[in-house]
Amino acid sequence: MLYGYLAVEGPTDVEFVGRLLRASGLRRVQNAYEVDDLWRILIPNEYPPGGDLLKRVPVPGFFRSDTHSVAVESAGGLDRLVPAVQDTRSQLFPRWEEVVALGLMADADQETPPDRFQRLRNALQEIGMPVPVSVPGEISDGRPRLGIYVFPDNLRQGTLEDLLGECAAKVYPGLLDGARTFVGGVDRTVLTQEDVEEAAKPSGEIKATLACIAGFLVAGGTLQVSVARNRWLRDDALALDNIAAVHTFLKHLLGLNA
Amino acid sequence: MFALDNLKIGAFRGLRDLDLDGLGRVNLLVGPNNSGKTSILEAVPIFCHPVDFLSWFDVTWRREAPLKPEKPFFMGMEWMFPHLRLGDGPVVSDQVTISGSGKCVVRSVRSTYEIRTRVGAHAAPQQTATPYQQRGAVIQVEGRADSDPKSLSRAFELWEGETVALSEYQGWPRLPVRTVSPVDHRSEATQMAELSAVARQGLIDWILKMLRSLDPEIRDIRILTPQENSPAIFIDYASSGLIPLSGFGDGVRRAFLIALVLNSARGGVLLIDEIELALHVSALETLFSWLVRACEEFDVQLFATTHSLEAIDTMIHAERGDLSRIVGYRLKPSGGSVKAQRLEGQLLSRMRIEHGFDVRL
């Protein structure tokens, strides 16, 4: 079994990566007893985490095939990515050596992809992890193979939602038009500052638009759930250049054939 | 600088090449059964007082007590030494080697164990002594101290059926090292002397305050002599009057013992095996918060083994103001040896509090 560990920013990223892994023949592991022995130690055995009743149980998404087993962890934000790697490496000790691939995936919402890459590179080095890659998207040899992917395409500033916007344009063009019309047509003058605060953030508008589509497709569901359930990353969407690039990155990193 | 900043156990019992780097004020040892947690606690007094046979004796006694009369004492001591099988030959004992640094002046210890036999004689009154093969052992210890360019060697002989004179070596500055084993709180004899010392130092109220936080009905502690020549520790209990300490549950007795021993470990090391033992989960936070503060106040370095996630979490909580003071060492048996994984406080806290990882595994 070839083990890979991916640290991503949030739960939507887990589902995004999960859909691409499914396209490569891996399936989501739902039952705890089916989780590979190596990863089982990552499953918390108590609730609530840190006593916080509002927190979701911090367990990675597990995906496996006959040859590969991948844990995709929602770290909880950019600054949590490298600590998540450090914590998982520590918990797996001394079996971390069995992990053949390590990937980090982050948005480039507040800075350019090279700057974000450098930030993550430095943080990895600070925890004593060799980082033999010099640009985002590059994959190192060695063990574990290492790669850092910066959304949307390692070149432009943006986020995962930019990629999902491309998927929506391809798969759900009508819904995308409708959602854009709705979000763009909102009369913000009748709303309070608090109401528009989130939408005013960078990527706020695209996030709101995608959430409208997800809310329709899953009838009140979140983008995370919709990405897992609906056609965002199936069929034609997988052929989109920027989606194919992420998929290729994952295939090379994890050693997947399909 | 702590009493011990680093400890390297080259060979001791089943441990080989085990590094405990970056020791902290509070050091928690976790790991599965038979991973060597207690052996680490035993290696500390041996390292701190290597040429003092009392420390070797004490470690053996704690592990072997109650000694089986038919089992010579030195045979218990033999198992402090790692055992090797040379090829297809017999199993032989190897040398103990421990090194380290810190406030403790000792830098290295090397010791060998050699089985001996000689012709002894059973003394029988008004009869001719009967010769027999008397079994024994010679323990050769070599210690090296920071302050002393020359190593110091001493040898101890132990013979079946003979007593041995125990004395402390006073040549090097003596670092207080105290141990609390899982059964020590049941023995009142040593506690009496400790309690007297606490009373002389005016610290009875300090102990009472801690005990009252566990049981508010506790009013006072006294040494009484209910029978001639048999003094005992009594606790003045609000609802029942004077009750012997032995009448209390293990939790109060253990907390009481830890407080006494902590006081005598000032400036040194306190070793607690199974720190959560006998304590209800509701008492852990109270006791551990107190213990952590007291270790800081008395400049005591704590080493504690535990199988309890609640104990780990409570320690983290007690040290949340400065997590740099707490260090976890996770012992992982791997390929016939044991590795110690150091988890600095911040990392340990994240692993437990944020991820809910079972760090004992």
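Below, chains carry the letters A, B, ... as their sequence lines are ordered, and counting in each starts from 1.
A side-chain donor-acceptor contact under 3.5 Å links A/Asp36 and A/Ser69. Under the 3.5 Å distance criterion, with hydrogens and angles disregarded, no donor-acceptor pair is assigned to the side chains of A/Arg116 and A/Gln157. No donor-acceptor contact under 3.5 angstrom links the side chains of B/Gln95 and B/Ser111, judged on distance only. With 3.5 Å as the limit, one finds no donor-acceptor pair spanning the side chains of A/Thr88 and B/His355.
For a residue to count as touching a neighbouring chain, one of its non-hydrogen atoms must lie under 4.5 Å from one of that chain's; by this rule A/Glu46 touches chain B with the side chain only. Proximity to chain A is absent for every atom of B/Leu348, based on heavy atoms less than 4.5 angstrom apart. Using a 4.5 Å cut-off between heavy atoms, A/Arg80 touches chain B through its side chain atoms alone. The contact between A/Pro83 and chain B is made by backbone and side chain atoms together, counting heavy-atom distances below 4.5 Å. Only the side chain of B/Leu343 comes within less than 4.5 Å of a heavy atom in chain A; its backbone stays farther off. Contact of B/Arg352 with chain A is made through the side chain alone, with heavy-atom distances under 4.5 Å.
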- Item | A/Glu73/A/Tyr5 under side chain to side chain donor-acceptor pair (under 3.5 Å): CA gap, chis, key distance, verdict | CA-CA 8 Å; A/Glu73 171 131 39; A/Tyr5 174 80; 2.7 Å; yes
